[in-house]
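Note that the structure is predicted; figures quoted are calculated from it, not measured. Whatever order the structure lists ligands and atoms in, that order sets their numbers, starting from 1.
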Amino acid sequence: MITSTTGPQPADFADVRATNLAVVLRFVREHAPCSRADIAASTGLNKATVSSLVADLIDRRLVRETGLTENRVGRPATMLVLDGSPYAAIGVEISVDTVSAVATDLAGQRLLTWRRSFSGGESVNQGVAGVGAIVRRVVSRMAKEERQVLGLAVAVPGLIDVQGTVRIAPNLGWHDADIGGDLAKALRDPGFPIQVDNDANLAALAEQRFGAYAGASDLVYLSGEIGVGAGVILDGRLRRGGRGHSGEIGHVQLDPDGPACRCGRRGCVEAMAGIGAVLRKDLSPAEIQIEIEEVVRLARADDAEVLATLESVGRSLGKGVSILANLLNPEVVILGGYYVPLAPWLLPAVREEMASRVVASDAGGCEVVASTLGHDAAALGGAARVLDSVDSGRLPGGLSRIP
Ligand SMILES: [Zn+2]
């Protein structure tokens with residue numbers, strides 16, 4: 001931890017203070033209720049610095065004193081918890097048929113979850129107008145609750161570059177679209193940062209912060225929407241690759257003679273293990289939900305044809321997951337989207353394939369599980385990304401820039 005500005009490359013004092021504020025904020029998030037002395041003991045910051053940083057965080061209403069005391073040797077201490085009541089983080093997920101919006105407070109508690117229908121055939125302009133409309137309503141609701149919006153992150157199913165430009169979102173028919181910039185204009189420069197990211201990336205962040213494997217440092221989220229993509233977290237951080245296009249496991253070829261894929265190639269993971277392979281017909285997104293329910297009903301009734309299809313899809317999925325496990329050795333691969341209701345029938349075949357295909361014993365310790373976050377995972381992940389920004393030092397109030 002940097003606590004001094006001396007050294008060969010002196011850090012800017014304001015940066016040091018912002019970094020240390022973030023360190024204290026993260027400590028309170030993870031260990032609350034805790035005392036100033038706990039923070040000093042664990043972070044290595046001296047007590048006077050901790051007192052000053054805590055006072056700053058209390059001023060910004062990011063942290064508050066609970067009034068609770070804990071008897072220690074010496075005198076009782078005032079305990080600190082996250083406050084964040086005047087703040088909200090917003091995540092939005094654009095999918096082919098719906099736009100979902102989630103708002104959370106600083107602690108990650110959900111404040112609202114809204115959904116509206118959305119036509120995948122909408123142009124970028126219509127799409128941005130639709131997303132802008134729902135965001136305006138969320139912002140206005142947050143204003144009524146006297147909450148300041150810390151930021152907005154939008155999940156888009158497609159290739160998003162590191163600047164947040166949508167390079168291609170095949171199922172939306174969008175390409176080379178600056179959704180963030182367009183949205184800022186539609187919202188008339190709302191005064192909070194807008195980020196755009198791939199849906200699987202944001203869902204992975206949601207799992208890392210809120211899911212059954214929260215805190216896992218090596219985790220892969222596999223989206224089971226119309227497309228199949230992976231959000232990859234290694235060593236605790238989302239890995240986007242050089243241009244932001246990592247995680248395209250859906251277009252790794254399993255069989256050169258396999259079925260045609262929407263990408264123009266053959267035998268991709270998406271073509272063999274995506275929802276299209278389960279349903280084997282072209283359906284509108286609204287129909288898919290109904291069809292999946294029917295597949296679940298038939299599987300429960302031991303329908304031989306449906307069970308055979310799910311086993312075959314599970315085997316292909318297992319081949320794809322084995323590639324991830326051999327390459328990345330994650331602690332867990334989390335199946336999301338439409339994979340969740342089908343998981344009881346897919347997982348046995350997935351695990352069998354992994355047992356024979358992953359070189360490391362016990363599949364390298366890699367578990368495969370169904371997501372518990374539901375269809376809003378990527379929207380929730382948008383809020384998680386905003387909270388990550390705060391935790392890494394982008395604090396509201398701008399006081400961090402003042403030494
Ligand atoms: Zn493909």
**Student:** So which atom in Ala230 and which in Leu222 form the shortest heavy-atom distance, rounded to 0.1 Å?
**Tutor:** CB-CD1, 3.9 Å
**Student:** Tell me the salt bridge (Lys or Arg N to Asp or Glu O under 4.0 Å) pairs involving residues 352-372, sequence neighbours left out?
**Tutor:** Arg315-Glu352, Arg315-Glu353, Glu353-Arg357
**Student:** Would you mind reporting whether Pro157 and Asn171 have side-chain heavy atoms less than 4.5 Å apart?
**Tutor:** no
**Student:** At a cut-off of 2.8 Å, list the protein N/O/S atoms near the Zn ion (ligand 1), residue plus atom name.
**Tutor:** His251 ND1, Cys261 SG, Cys263 SG, Cys268 SG
**Student:** Can you tell me which residue pairs pass the ring-ring contact (aromatic ring centres under 6.0 Å, His included) test with a partner in residues 200-257, sequence neighbours excluded?
**Tutor:** none
**Student:** State whether a side-chain donor-acceptor pair under 3.5 Å links Gln253 with Arg265.
**Tutor:** no
**Student:** Tell me which donor-acceptor pairs under 3.5 Å the side chains of residues 176-190 have, and how far apart each pair is, sequence neighbours excluded?
**Tutor:**
| unit_1 | atom_1 | unit_2 | atom_2 | d |
| --- | --- | --- | --- | --- |
| Asp176 | OD1 | Arg167 | NH1 | 2.8 |
| Asp178 | OD1 | Gly181 | N | 3.0 |

